[in-house]
Amino acid sequence: MPQTNMKININGQLTALPGGFDDYIDPTRAAIVELDMHGGHLDPEPDCPAPCIRGREIVGDVNRFNEACRSLGIPIVHIVNTYRSGDYEGKQSAWRRITEGHYSMLPGDMLACTKNFGNLALENTKWSSLVVENKPGDIVVNTKKRVTAFETTDLDLVMRALGKDVIVITGIMTNCCDLCSAFYAGSKDYKVIFCFDMTRGSNPSDEAAAGLMVSRYIGLNTTSEELLREWRAQKAAMNA
């Protein structure tokens, strides 16, 4: 079924896709699951609660990738971390306690806490508003309160309603929410594609480690260029 010499990342090197993965690369079965491209991480102002500096690099790239996917009929599902006011919904989550309570133990190049950290993903503010384009036909799942796109959300129901079983993960952060969502999706028998160049995390080494784990245990780690080239070729073959 593959129409191109598609490459995937295995052990840090782009390698030809082996046989047996036709179902993974079928565009009719896929949906883009894009994580946390919201102002709480990506707003450029100094009061951004938990800035992901590296994530700001890919806003334009994610918009272009999403538009290319829309043109192929592949749905875009935006996952947004949102907390109600009062700061009680996320306070006990493990990642937040580590980040706030033991920040001195974390590498200096990880996302920074600011004095406004408690505003992260606060409902009805720019901290929980999408920074990327949200176009008609896109789906927004905005009840994420932990590090996976599934916990406390209806993402599984959305995927089933769409009739899709291939999850293409994009967004931030590569080595946190993206990786955790990939593991969760794999445990629910979704076919996972980690679109590595459409994600960003704490630093290049942590991102690479996350991508390595995906490629060894969870799904296919590839690039937007490789994936779109294959999808476009399959669409052209179907329309021929």
Can you tell if the side chain of [X] reaches within under 4.5 Å of the side chain of [Y], non-hydrogen atoms only?
X    : Y    : value
C69  : W231 : yes
F196 : E207 : yes
V33  : V168 : no
H78  : D138 : yes
I172 : C177 : no
F194 : T174 : yes
I32  : F65  : yes
V166 : D26  : no

Partner of I8 under side chain to side chain contact (heavy atoms under 4.5 Å, CB included), chosen from L227, N221, L17: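 The side chain to side chain contact (heavy atoms under 4.5 Å, CB included) with I8 is passed solely by L17 among L227, N221, L17.
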
Name of the residue among D43, L42, N63, D36 meeting side chain to side chain contact (heavy atoms under 4.5 Å, CB included) with V131: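 Single side chain to side chain contact (heavy atoms under 4.5 Å, CB included) partner of V131 among D43, L42, N63, D36: L42.
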
Donor on one side chain, acceptor on other, S202 and N175, under 3.5 Å: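 Side chains of S202 and N175: pair found under 3.5 Å.
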
Donor + acceptor pair across side chains of N5, R229 (<3.5 Å):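 A pair is found: one side chain offers a donor N or O, the other an acceptor, under 3.5 Å apart.
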
For the hydrophobic clusters of this structure (ILVMFWY residues joined by side-chain heavy atoms under 4.5 Å, transitively), does one cluster hold both [X] and [Y]?
X    : Y    : value
F21  : Y217 : no
V62  : I74  : yes
I218 : Y184 : yes
W127 : V80  : no
V59  : L35  : no

Locate the shortest heavy-atom distance separating [X] from [Y]; write the atom from each residue and the value.
X    : Y    : result
A237 : Q3   : CB-OE1, 3.8 Å
G39  : C48  : O-SG, 3.5 Å
C176 : V147 : SG-CG1, 3.7 Å
S128 : H38  : C-CB, 4.2 Å
L72  : L228 : CD1-CD2, 4.1 Å
V192 : A185 : CG2-CB, 3.7 Å

Short question: side chain of [X], backbone of [Y] - any donor-acceptor pair under 3.5 Å?
X    : Y    : value
T143 : T152 : yes
E226 : S224 : no
N81  : A121 : no
N203 : D206 : yes
T222 : K7   : yes
T148 : S181 : no
K144 : R146 : yes

side-chain contact (heavy atoms from CB on, under 4.5 Å) between N11 and L212, worked out: CA-CA 6 Å; N11 294 326; L212 183 64; 3.8 Å; yes

Nearest 0.5 Å please: distance from the [atom1] atom of [X] over to the [atom2] atom of [Y].
X    : Y    : atom1 : atom2 : answer
F150 : M159 : CZ    : CE    : 7.0 Å
T170 : I79  : OG1   : CD1   : 9.5 Å
L220 : I25  : CG    : CD1   : 8.0 Å
T199 : M173 : OG1   : CE    : 10.0 Å
K235 : S71  : NZ    : OG    : 9.0 Å
N9   : T15  : CG    : OG1   : 7.0 Å

Residues forming a salt bridge (charged side-chain N to carboxylate O under 4.0 Å, His left out) with E151, sequence neighbours excluded: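 E151 satisfies salt bridge (charged side-chain N to carboxylate O under 4.0 Å, His left out) with no residue once adjacent residues are dropped.
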
Contacts of type salt bridge (charged side-chain N to carboxylate O under 4.0 Å, His left out), residue D156, not counting sequence neighbours: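 In terms of salt bridge (charged side-chain N to carboxylate O under 4.0 Å, His left out), with neighbours along the sequence ignored, D156 is linked to R160.
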
Stepwise side chain to side chain donor-acceptor pair (under 3.5 Å) test for E230 and T4: CA-CA 6 Å; E230 174 60 32; T4 69; 2.5 Å; yes

Salt bridge (Lys or Arg N to Asp or Glu O under 4.0 Å): pairs with one or both residues in residues 172-191, sequence neighbours excluded: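 Sorted result for residues 172-191: D165-K191.
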
Whether over 12 other heavy atoms sit under 6.0 Å from E123 CD: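 Yes, the 6.0 Å shell around CD holds more than 12 heavy atoms from other groups.
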
Residue E57 excluded, over 12 heavy atoms near CD under 6.0 Å: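 Count over threshold, so yes.
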
side-chain contact (heavy atoms from CB on, under 4.5 Å) between V214 and I169, worked out: CA-CA 11 Å; V214 169; I169 292 178; over 6 Å; no

Sidechain N-carboxylate O distance under 4.0 Å for E67, R64: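 R64 and E67: not salt-bridged.
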
Worked verdict on L120 versus H41 for side-chain contact (heavy atoms from CB on, under 4.5 Å): CA-CA 8 Å; L120 175 62; H41 290 311; 3.8 Å; yes

Test side chain to side chain donor-acceptor pair (under 3.5 Å) applied to E133 and N66, step by step: CA-CA 9 Å; E133 296 169 348; N66 286 349; over 6 Å; no

